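To start, the structure itself, in structure tokens.
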Amino acid sequence: VMHRFAVDPDRVIVQGASMGGVGAYRLATLQPDKWSVALPLIGFQSAGLLPLSVNLRNVPVRQINGAADPLIPVPPADASAQRLDELGYDYRYWLLTDRGHEAGGFVYDCVFAGAVDFVRERHPAIVRFAVDPSLDEIDAASGLELRFDSAYWVGVIRARDETASARVEAFSSALPSSDDTVARVDRIVDNTDQGADLCGPNPAIRTGDEWRERAVEIQSGDPRPARNEIDATLENVASLTIDLSGAGIDVASAADLTVSSDGPCVVALRGLRPGQLVASGDAEHRADDDGVAAVGIEAAGTVVMRLRR
């Protein structure tokens, strides 16, 4: 579809209903850098993926469920939204009191109409990404190798212990960011006497519905100062690649990368000039002809990697 039609790659929505709603959550979680917004309708985040909801930091979620749904129980739908609330992520969750597996009709049209206004964040300053190796699909006979191991400017993540998830939290001071604050919403709304849809007052919509709306609203604060630096924290990561260009790092200037790891790890820095040096402690690492330098971290601790101009 992307190749055949004039699709704006920064306005691609992941949406599904029922099992498709579960699938929308799954795709948004495993490949967060592809979507502008996720709209799971009468779905939920599966229990096995709840720990990976951390990946949704840069993907707004708009979730709609019916409290009388005989197929999609309320507890997992609530748990999906509760996890996003705990993380302080941009989400909005509507639970319609008397609706079942249709969850609202006209009352939610505005949510779909407004979805086109969301724009994908290609190069976020903060990347939080967890990888579950058990989700990999590797078949040597057919040559299939499907891994969900990369997002934004962090990628090719491998776990030291493949029975557990690997997690990366990285912040690039070279990309625009701000000191944001979080405001939480939890209210009961109905449109019996005064017209309303899920987005607010609407005199044309009186469906006799009542719903609970929960949300986290992100309010942008003052811009943070720009610096040619990356700070990253790694958990159970054996190796990963950091795309310096995607992270906004100017490799022609001095730059520091501070990496804290809970064990041995190899960090590949991509986007250097061929032959460029990276200092780490007393060692120096030279970028190869492809502009990649591999820096080893021998044990748990914090290592500062400095790019030489």
Side-chain angles (χ1 to χ4, degrees), residues 26 29-34 48-58 87 123-172 229-247 249 251 255-272 276-307:
R26 180 182 179 87
T29 300
L30 297 180
Q31 298 176 299
D33 52 357
K34 294 185 179 297
L49 290 181
L50 271 177
L52 303 189
S53 291
V54 67
N55 297 357
L56 295 169
R57 187 191 185 284
N58 301 301
L87 291 164
H123 303 288
I126 297 175
V127 175
R128 293 177 182 154
F129 194 63
V131 171
D132 182 349
S134 70
L135 300 175
D136 294 346
E137 295 289 345
I138 312 297
D139 181 16
S142 66
L144 174 68
E145 184 172 344
L146 180 61
R147 299 179 187 268
F148 303 102
D149 61 2
S150 303
Y152 308 105
W153 42 271
V154 174
V156 200
I157 300 166
R158 298 290 181 267
R160 267 194 318 274
D161 176 3
E162 294 192 348
T163 67
S165 63
R167 177 170 169 170
V168 176
E169 179 159 352
F171 170 53
S172 172
E229 299 175 0
I230 293 175
D231 291 275
T233 301
L234 314 180
E235 297 177 10
N236 190 36
V237 174
S239 62
L240 81 159
T241 297
I242 296 177
D243 178 359
L244 299 175
S245 175
I249 295 297
V251 299
D256 282 356
L257 291 81
T258 303
V259 179
S260 299
S261 177
D262 60 356
C265 178
V266 175
V267 179
L269 304 178
R270 189 177 70 199
L272 298 164
Q276 186 170 3
L277 292 176
V278 179
S280 175
D282 295 330
E284 287 189 331
H285 310 268
R286 189 178 298 277
D288 62 19
D289 291 342
D290 294 322
V292 177
V295 181
I297 299 174
E298 296 182 356
T302 299
V303 172
V304 178
M305 306 173 192
R306 291 195 163 93
L307 274 59

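Residue indices begin at 1 and follow the sequence shown. What you are looking at is a predicted structure, and each value in this text was computed from that prediction instead of being measured.
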For the backbone of [Y] and the side chain of [X], can you confirm whether one donor and one acceptor N or O come within less than 3.5 Å of each other?
X: Tyr152; Y: Ile126; value: no
X: Asp132; Y: Ser134; value: yes
X: Asp231; Y: Phe171; value: no
X: Asp136; Y: Arg147; value: no
X: Trp153; Y: Pro124; value: yes

For the CG atom on Asp139, are there more than 12 heavy atoms of other groups (residues, nucleotides or ligands in this structure) within a distance under 6.0 Å? yes
Exceeds 12 heavy-atom contacts within 6.0 angstrom, atom CD of Glu284: yes
Which distance, rounded to the nearest 0.5 Å, do you find between the [atom1] of [X] and the [atom2] of [Y]?
X: Ile242; Y: Ile230; atom1: CD1; atom2: CD1; result: 5.5 Å
X: Asp243; Y: His123; atom1: CG; atom2: NE2; result: 8.0 Å
X: Ile138; Y: Leu146; atom1: CD1; atom2: CG; result: 7.5 Å
X: Arg270; Y: Ser245; atom1: CZ; atom2: OG; result: 9.0 Å
X: Arg57; Y: Leu87; atom1: CZ; atom2: CG; result: 10.5 Å

Indicate the atoms forming the closest heavy-atom contact of [X] with [Y], along with that distance.
X: Ala164; Y: Pro133; answer: O-CD, 3.3 Å
X: Ser53; Y: Thr29; answer: N-CG2, 4.3 Å
X: Ala166; Y: Asn236; answer: CB-O, 3.3 Å
X: Leu135; Y: Phe148; answer: O-CE1, 4.1 Å
X: Asn55; Y: Ala130; answer: OD1-N, 2.7 Å
X: Ile297; Y: Gly263; answer: CG2-O, 4.3 Å

Pair Asp33, Val127 - check side-chain contact (heavy atoms from CB on, under 4.5 Å), show working. CA-CA 10 Å; Asp33 52 357; Val127 175; over 6 Å; no
Derivation and outcome, side-chain contact (heavy atoms from CB on, under 4.5 Å), residues Leu49 and Leu30: CA-CA 9 Å; Leu49 290 181; Leu30 297 180; 4.2 Å; yes
Determine the sole option in Arg286, Arg306, His285 for which the side-chain contact (heavy atoms from CB on, under 4.5 Å) test with Leu277 is passed. Arg286
For the residue pair Thr163 / Asp161, report whether a side-chain donor-acceptor contact shorter than 3.5 Å exists.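 Note: Asp161 and Thr163 side chains meet the donor-acceptor criterion.
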Heavy atoms, side chains only, cut-off 4.5 Å: are [X] and [Y] in contact?
X: Leu234; Y: Ile157; result: no
X: Asp262; Y: Arg160; result: yes
X: Asp149; Y: Arg158; result: yes
X: Leu240; Y: Cys265; result: yes
X: Leu307; Y: Leu257; result: yes
X: Ser150; Y: Phe129; result: no

